[in-house]
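Working notes, beginning with the structure itself.
All residue numbers refer to positions in the sequence shown, counting from 1.
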Amino acid sequence: MNRGRGFSVFTLALACSGLVACAEPDPESPVMTIGVAAAPSLSGAFTEMIDLFEDEHPGIRVSLELGRSDTIAEGMPARDDINVFASADEVSMQWLVDEGVAVEPMVFARNHVVVAVPSGNPRQVTGLRDLERPDLRVGLCQLEVPCGRAAESLLAAAGVTPPVVERDAGSRSVAARLADNELDVGIVYRTDVAASHGWVSHAEIDQRDRELAQAAGTTRYTVARIPAAENGSDAEAEREAASDFLALVTSDRGRRALEGAGLAPLPQ
């Protein structure tokens, strides 16, 4: 497997940082690396799963790459360094399956968007209807990413049309701007509220708006194995390792990691 392509500085730093356990291997013991690509909103849950996986597979290291699901999917046919792909975009995953790049896809979790505000809710946002206030700086994800589509579905279901919207690349970007008080209110994934360490909070909205967010603003996550990465003398071992990682994702421990990150695991 060629690990030279598809790596970013961020990936390398994440693989051997405090976020992901990366113990120094015995120089005489061969270490195999498998690649996992995932949507950014899966970062917390998958980091925890990688810790568990590496503890139980001392001869295997997991390289985690985070990025937009459609961007990762677009480049996947030309790559051989990703064994497992977890997508927030079901359309992108289905395209990979249709192209024969991904196999055995399964829906394993869902996330939903929420109305989020800076800590303390300084502009007193109390519901989706407040997003129509002309005095508020409203942040949404770009329409082509899953959180943007989820937010649009939620706003359409609520009959709300913000007069002015500032769009960012993804939910994390919107949440970061809320934390810095560059926005007054935004629609982001609840996982990014949970990951903000209190700098961003849920707006206190009524039951109807909460139910709409859970119904209309939901994203489903799919995960699949990528056989092209299984090549060379370690092909069978890589396939087994990828299968073991997939089994962890859908296990009780995987479910707990997903729940801890604010996701809703789905029964298999």
Side-chain angles (χ1 to χ4, degrees), residues 8-11 13-14 17 19 38-47 64-72 87-89 110-158 160-206 209-210 212-214 216-219 221 260-263:
S8 64
V9 174
F10 174 76
T11 305
L14 180 61
S17 72
L19 293 176
S41 48
L42 293 169
S43 173
F46 270 46
T47 296
L64 177 62
E65 177 178 331
L66 302 173
R68 278 179 46 168
S69 296
D70 58 345
T71 301
I72 292 174
S87 175
D89 183 359
R110 66 176 180 269
N111 200 355
H112 70 79
V113 293
V114 297
V115 179
V117 293
S119 179
N121 193 6
R123 301 304 299 274
Q124 299 299 304
V125 175
T126 59
L128 284 166
R129 190 61 61 185
D130 281 342
L131 273 67
E132 294 184 326
R133 285 167 47 186
D135 61 315
L136 293 185
R137 297 168 297 173
V138 178
L140 300 177
C141 300
Q142 293 175 355
L143 286 170
E144 60 267 28
V145 298
C147 70
R149 294 194 292 270
E152 286 301 303
S153 295
L154 171 57
L155 291 172
V160 171
T161 304
V164 180
V165 168
E166 299 181 35
R167 292 195 179 272
D168 283 279
S171 179
R172 281 187 162 192
S173 299
V174 177
R177 294 187 66 197
L178 287 166
D180 290 338
N181 283 292
E182 295 177 7
L183 296 169
D184 300 311
V185 60
I187 297 181
V188 303
Y189 283 132
R190 61 178 180 173
T191 46
D192 291 314
V193 175
S196 74
H197 303 292
W199 291 101
V200 179
S201 59
H202 296 263
E204 293 295 331
I205 59 177
D206 63 26
D209 283 354
R210 286 196 297 272
L212 279 175
Q214 293 178 22
T218 296
T219 294
Y221 294 84
L263 293 153

Look at atom CZ of Arg137 and say whether more than 12 heavy atoms of other residues, nucleotides or ligands are closer to it than 6.0 Å.
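More than 12 within 6.0 Å, yes.
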Give, for atom [atom1] of [X] and atom [atom2] of [Y], the distance between the pair rounded to the nearest 0.5 Å.
X: Arg190; Y: Gln214; atom1: CZ; atom2: CD; result: 7.0 Å
X: Arg210; Y: Glu204; atom1: CZ; atom2: CD; result: 7.5 Å
X: Ser173; Y: Glu182; atom1: OG; atom2: CD; result: 11.0 Å
X: Leu263; Y: His112; atom1: CG; atom2: NE2; result: 10.0 Å
X: Arg167; Y: Gln142; atom1: CZ; atom2: CD; result: 8.5 Å

Under 4.0 Å between a Lys/Arg side-chain N and an Asp/Glu carboxylate O for Asp89 and Arg68?
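A salt bridge is absent here (no side-chain N lies under 4.0 Å from a carboxylate O).
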How about [X] and [Y]: do any of their side-chain heavy atoms sit closer than 4.5 Å?
X: Glu166; Y: Arg177; value: yes
X: Pro146; Y: Tyr189; value: yes
X: Arg129; Y: Val160; value: yes
X: Asp192; Y: Val200; value: no
X: Thr47; Y: Leu64; value: yes
X: Asp184; Y: Asp135; value: no
X: Leu155; Y: Leu140; value: yes
X: Val113; Y: Cys141; value: no

How close do [X] and [Y] get, counting heavy atoms only, and between which atoms?
X: Leu212; Y: Ala157; value: CD2-CB, 3.8 Å
X: Asn181; Y: Pro118; value: OD1-CB, 3.3 Å
X: Thr218; Y: Ala150; value: N-CB, 4.4 Å
X: Gly170; Y: Cys147; value: C-SG, 4.0 Å
X: Gly148; Y: Leu143; value: O-CD2, 4.3 Å
X: Val117; Y: Asn121; value: CG1-OD1, 3.6 Å

Thr219 side-chain N/O to Ala88 backbone N/O, donor-acceptor pair under 3.5 Å
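Not confirmed, Thr219 side chain does not pair with Ala88 backbone.
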Donor-acceptor pair, distance only, cut-off 3.5 Å: does the side chain of Arg110 make one with the backbone of Tyr221?
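Answer holds: no.
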Can you spot which of Asn111, Leu42, Val114 makes a side-chain contact (heavy atoms from CB on, under 4.5 Å) with Thr191?
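For Thr191, the side-chain contact (heavy atoms from CB on, under 4.5 Å) check succeeds only for Asn111.
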Take Leu136 and Val125 through the test side-chain contact (heavy atoms from CB on, under 4.5 Å) and record every step on the way to the result.
CA-CA 9 Å; Leu136 293 185; Val125 175; 4.0 Å; yes
side-chain contact (heavy atoms from CB on, under 4.5 Å) between Val185 and Leu131: does it pass, once the steps are laid out?
CA-CA 7 Å; Val185 60; Leu131 273 67; 3.9 Å; yes
